[in-house]
Amino acid sequence: MFLGLHSSKSRYLFVRALHIGPKLASPGAEDILFKALCVNIRQKKWKILNQLSSNLTNTLLSRIFREFQASPGLLLEIYQRIGEHKAISHSLNSCCITIHIMVGRKKYDDALSLMEQLMISKGHAAFEIFEALINTGSVSNIPVFDTLVRACTRNGLTDDAYELIKRLRIDSCWVSIHAMNNFLNHLLKIGDIGRFWIAYREMIFFGYYENVNTFNLLILALCKECKLSEAFSVLYKMLKSGIIPNVVGVNMLVDGACRADKLDLAVKLIEKIGIMSMGYKGNPELAEEIMGKMVIMGMSPNIRTYGILVDGYSRNGFLEDAFRLCDEMVEKGLIPNSAVYNLLIHWLYMEGDVSGALFLLSNMMKNCVPPDRFTHSIIVKGLCRNGQVNEALRVHNWGLEKNLAKDVFSHNVLIDYIFRDKDIRGAKQVLCSMFVRGLVPDVVTYGTMIVGYCKASGIEKALDIYSEMIKMNKNPNLVILNSILDGFCKEDNFDYSGVLIGEMKRLNMYDAVTFNTLLSGYCCSGKIEEAFGLFNSMGKMANKVTFNIMINMLCKLGLFEHAKELLGVMLCRGLKPDEITYTTLITSVSKTSSSEEVVKMHDYLVLRGVIPDEQTFKAVVSWVTEEGI
DNA sequence: CTAGGGTTAG
């Protein structure tokens with residue numbers, strides 16, 4: 001009998017070890033334990049780990065880790081099973097040994113989650129882990145530190161990530177371009193574009209060469225800053241560096257063009273990728289070259305490109321074109337995925353077409369396209385937006401039952417809309433139900449609460465939420481800072497808003513919304529001089545909203561001719577008036593001028609691409625009713 | 001590394 005033999009042999013060895021004496025007893029016993037553990041672990045018999053837990057010393061554990069370093073899957077399981085056991089505590093070092101082994105075997109995701117365990121569950125600081133990794137390996141083991149940088153950015157530890165990169169540089173160890181890209185991408189995700197450019201310039205200064213991903217990030221950053229032509233010119237820089245653009249960069253340019261109201265440009269870009277240089281730098285030869293290379297690379301628009309364009313059309317009110325594009329896509333053999341369906345359903349809801357959205361949803365099911373984590377939230381938001389908050393709550397609860405609402409997404413939407421009804425209690429209830437389900441509020445949740453409190457009860461309560469957010473180690477982003485700024489402006493507290501803007505500038509975190517918010521604040525409280533001063537200093541940063549705010553102020557002051565002049569400036573700068581410009585101007589002109597003037601203004605604006613919405617319609621209807629036409 | 005939730009204007 002195997003077991004009998006085995007146990008008698010163990011007993012024999014054990015007895016012999018006792019006879020040799022206490023000094024040598026322990027290595028012998030450790031050997032036996034070691035072998036027994038290895039045999040059992042290889043057969044995935046985990047019971048022994050529990051049985052022998054009181055004997056597992058650090059030296060024994062390191063031996064086991066080394067023994068299994070060739071099979072990282074098994075190693076990870078050992079590590080986790082030991083971690084589950086209360087009697088044995090992992091040292092930071094044993095975890096770092098495991099991390100080194102995982103990275104050595106290219107199991108980066110496993111290494112990443114081990115690091116996250118150390119940071120989150122065990123509360124180790126990034127630099128503690130850094131030191132331990134050096135102690136258990138070598139500082140020149142770059143992939144390990146690349147992973148550590150990634151772990152930092154994934155958990156919002158921006159400064160730690162940056163300090164790590166700097167610290168390694170002092171040791172003449174350079175994290176890879178991949179880690180640098182990861183850091184740059186993180187800065188864009190948290191909305192810190194100022195810091196993005198500082199980090200990028202620094203990276204180039206220290207001799208890194210951009211790869212295709214770095215260039216894509218540059219395109220993304222420039223698109224976010226609405227510097228579309230600069231974003232396009234990144235393509236030249238890429239080719240000059242001998243790097244061929246890929247579809248990801250082009251997709252971002254398509255998105256940037258759509259968001260800058262340049263749909264035609266987006267379409268051209270897709271139809272003939274080389275065309276983009278026309279009207280920008282005037283170098284058709286280079287454009288042809290780009291196109292040629294892209295065709296060679298098999299770089300044709302993918303499903304994502306079409307999705308972005310579907311979004312672009314819909315966003316600008318051309319839902320019909322979006323559907324036409326879908327037909328074209330299907331003709332080209334690209335099958336709409338859940339993202340394309342989601343986008344269309346989303347925009348149908350935004351247009352108020354609830355039944356159309358419902359129809360498309362059933363079509364999605366019919367075509368066996370599985371709904372994803374976005375679909376559920378889009379339905380919840382769509383219903384809320386169309387005044388069916390109770391129905392949205394019903395769908396939400398149904399989703400919770402069916403386990404479709406696992407993330408904070410739809411919760412955030414509900415909190416937003418319940419807050420809009422000034423139902424603070426109701427919003428708090430949704431927040432509580434989040435906690436009950438083990439969902440942790442994210443930055444958007446806090447942002448929504450801050451805006452909600454600003455509008456429902458004033459800035460003070462909003463600031464409480466802000467400090468709560470800081471306590472939970474969540475970093476404020478640009479949207480949150482802008483919301484707080486709006487709160488100050490709405491309460492005429494321009495001292496605090498000045499301090500805040502100063503701080504935001506120092507942090508390099510501000511955008512057009514920041515200044516538009518302040519501008520709107522000035523206009524609302526009649527600070528005309530300040531408003532003009534700010535407007536003039538905004539320069540190229542001024543966007544459509546900036547002009548709408550200024551036009552509205554001039555109209556309210558009865559300076560209609562000046563408002564029209566400003567409309568001209570707006571058009572000269574390539575900014576298209578929208579339905580808000582329309583309502584502002586029509587409301588004003590109908591009060592002061594003849595019906596001919598109103599009709600003239602209407603035609604003028606519609607010819608320049610304004611697509612009337614419900615409120616523009618109301619503006620005209622009220623004028624017609626008053627005129628008795 | 002790219003579309004789909006929270007900020008500014010009627």
Side-chain angles (χ1 to χ4, degrees), chain A residues 178 181-182 184-185 188-189 191 211-220 223 246-256 258-259 302-312 314-315 337-347 372-375 377-378 380-381 407-416 419 442-452 454 477-487 489 511-521 523-524 543-553 555 578-588 613 615-616 618-619:
Chain A
H178 309 295
N181 286 340
N182 174 278
L184 290 175
N185 181 45
L188 285 185
K189 279 216 172 109
N211 66 11
V212 63
N213 296 336
T214 322
F215 281 117
N216 283 344
L217 289 167
L218 298 185
I219 294 176
L220 188 61
C223 285
N246 63 15
V247 71
V248 173
V250 172
N251 281 352
M252 292 190 296
L253 283 171
V254 170
D255 189 46
C258 286
R259 282 172 200 266
N302 59 13
I303 182 89
R304 202 123 172 183
T305 322
Y306 278 98
I308 292 166
L309 204 59
V310 162
D311 184 49
S314 317
R315 185 186 301 281
N337 58 12
S338 62
V340 173
Y341 269 108
N342 286 344
L343 282 167
L344 288 168
I345 292 169
H346 168 77
W347 285 109
D372 60 15
R373 66 195 184 94
F374 290 101
T375 318
S377 315
I378 285 170
V380 170
K381 173 161 188 187
D407 59 12
V408 287
F409 224 97
S410 55
H411 289 88
N412 288 348
V413 172
L414 283 167
I415 290 173
D416 179 14
F419 245 126
D442 65 0
V443 197
V444 178
T445 319
Y446 286 111
T448 310
M449 299 282 293
I450 286 170
V451 172
C454 276
N477 60 20
L478 192 50
V479 175
I480 297 211
L481 295 176
N482 284 340
S483 305
I484 300 268
L485 178 68
D486 190 47
C489 288
D511 63 358
V513 178
T514 314
F515 296 112
N516 287 341
T517 304
L518 183 63
L519 185 67
S520 160
C523 292
C524 286
N543 60 18
K544 190 190 290 189
V545 177
T546 320
F547 278 90
N548 282 343
I549 294 168
M550 288 303 285
I551 288 173
N552 185 42
M553 184 188 74
C555 285
D578 62 5
E579 64 283 358
I580 292 171
T581 328
Y582 180 106
T583 319
T584 311
L585 284 166
I586 291 288
T587 310
S588 169
D613 68 355
Q615 241 170 300
T616 58
K618 274 186 197 155

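Order of the sequence lines fixes the chain letters, A, B, ..., with proteins taken first and strands second; residue numbering starts at 1 for each chain. Model, not experiment: these values are computed from the prediction.
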Sugar-phosphate, base or nothing in reach of [X], heavy atoms under 4.0 Å:
{"X": "L343(A)", "answer": "base"}
{"X": "D511(A)", "answer": "nothing"}
{"X": "N182(A)", "answer": "nothing"}
{"X": "D416(A)", "answer": "sugar-phosphate"}
{"X": "N185(A)", "answer": "sugar-phosphate"}
{"X": "V451(A)", "answer": "sugar-phosphate"}

Are L478(A) and V513(A) side-chain neighbours, meaning at least one heavy-atom pair lies under 4.5 Å?
no
For the residue pair I415(A) and M449(A), establish whether any side-chain heavy-atom pair is separated by less than 4.5 Å.
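Yes - at least one pair of side-chain heavy atoms lies under 4.5 Å apart.
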Give the rounded distance in Å between these two atoms: [atom1] of [X] and [atom2] of [N].
{"X": "I345(A)", "N": "dG5(B)", "atom1": "CD1", "atom2": "C1'", "result": "16 Å"}
{"X": "N412(A)", "N": "dG5(B)", "atom1": "CG", "atom2": "P", "result": "12 Å"}
{"X": "I378(A)", "N": "dG5(B)", "atom1": "CD1", "atom2": "C1'", "result": "9 Å"}
{"X": "F409(A)", "N": "dA3(B)", "atom1": "CZ", "atom2": "P", "result": "12 Å"}
{"X": "I551(A)", "N": "dA9(B)", "atom1": "CD1", "atom2": "P", "result": "15 Å"}
{"X": "R304(A)", "N": "dC1(B)", "atom1": "CZ", "atom2": "P", "result": "10 Å"}
{"X": "N516(A)", "N": "dG10(B)", "atom1": "CG", "atom2": "P", "result": "12 Å"}
{"X": "N482(A)", "N": "dT7(B)", "atom1": "CG", "atom2": "P", "result": "11 Å"}

Quick one: which of [options] gets closest to the side chain of [X]?
{"X": "M252(A)", "options": "dT8(B), dG10(B), dT2(B)", "answer": "dT2(B)"}
{"X": "S483(A)", "options": "dT7(B), dA3(B), dC1(B)", "answer": "dT7(B)"}
{"X": "N251(A)", "options": "dA9(B), dG6(B), dT2(B)", "answer": "dT2(B)"}
{"X": "I480(A)", "options": "dG4(B), dT8(B), dG6(B)", "answer": "dG6(B)"}
{"X": "V248(A)", "options": "dG10(B), dG5(B), dT2(B)", "answer": "dT2(B)"}
{"X": "N548(A)", "options": "dC1(B), dA9(B), dG10(B)", "answer": "dA9(B)"}

What distance separates [X] [atom1] from [Y] [atom2], expressed to the nearest 0.5 Å?
{"X": "R259(A)", "Y": "D311(A)", "atom1": "CZ", "atom2": "CG", "result": "6.0 Å"}
{"X": "I378(A)", "Y": "L343(A)", "atom1": "CD1", "atom2": "CG", "result": "7.0 Å"}
{"X": "C523(A)", "Y": "I551(A)", "atom1": "SG", "atom2": "CD1", "result": "11.5 Å"}

Examine [N]: is either OP1 or OP2 under 4.0 Å from a nitrogen or oxygen in the side chain of [X]? Give yes or no.
{"X": "K381(A)", "N": "dG4(B)", "answer": "no"}
{"X": "R259(A)", "N": "dA3(B)", "answer": "no"}
{"X": "N552(A)", "N": "dG10(B)", "answer": "yes"}

Would the base of [N] count as contacting [X] through its side chain, where contact means a donor and an acceptor less than 3.5 Å apart?
{"X": "D311(A)", "N": "dA3(B)", "result": "no"}
{"X": "T583(A)", "N": "dG10(B)", "result": "yes"}
{"X": "D372(A)", "N": "dG4(B)", "result": "yes"}

Quick one: which of D511(A), T517(A), N477(A) gives a side chain to side chain donor-acceptor pair (under 3.5 Å) with N482(A)?
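The passing option is D511(A).
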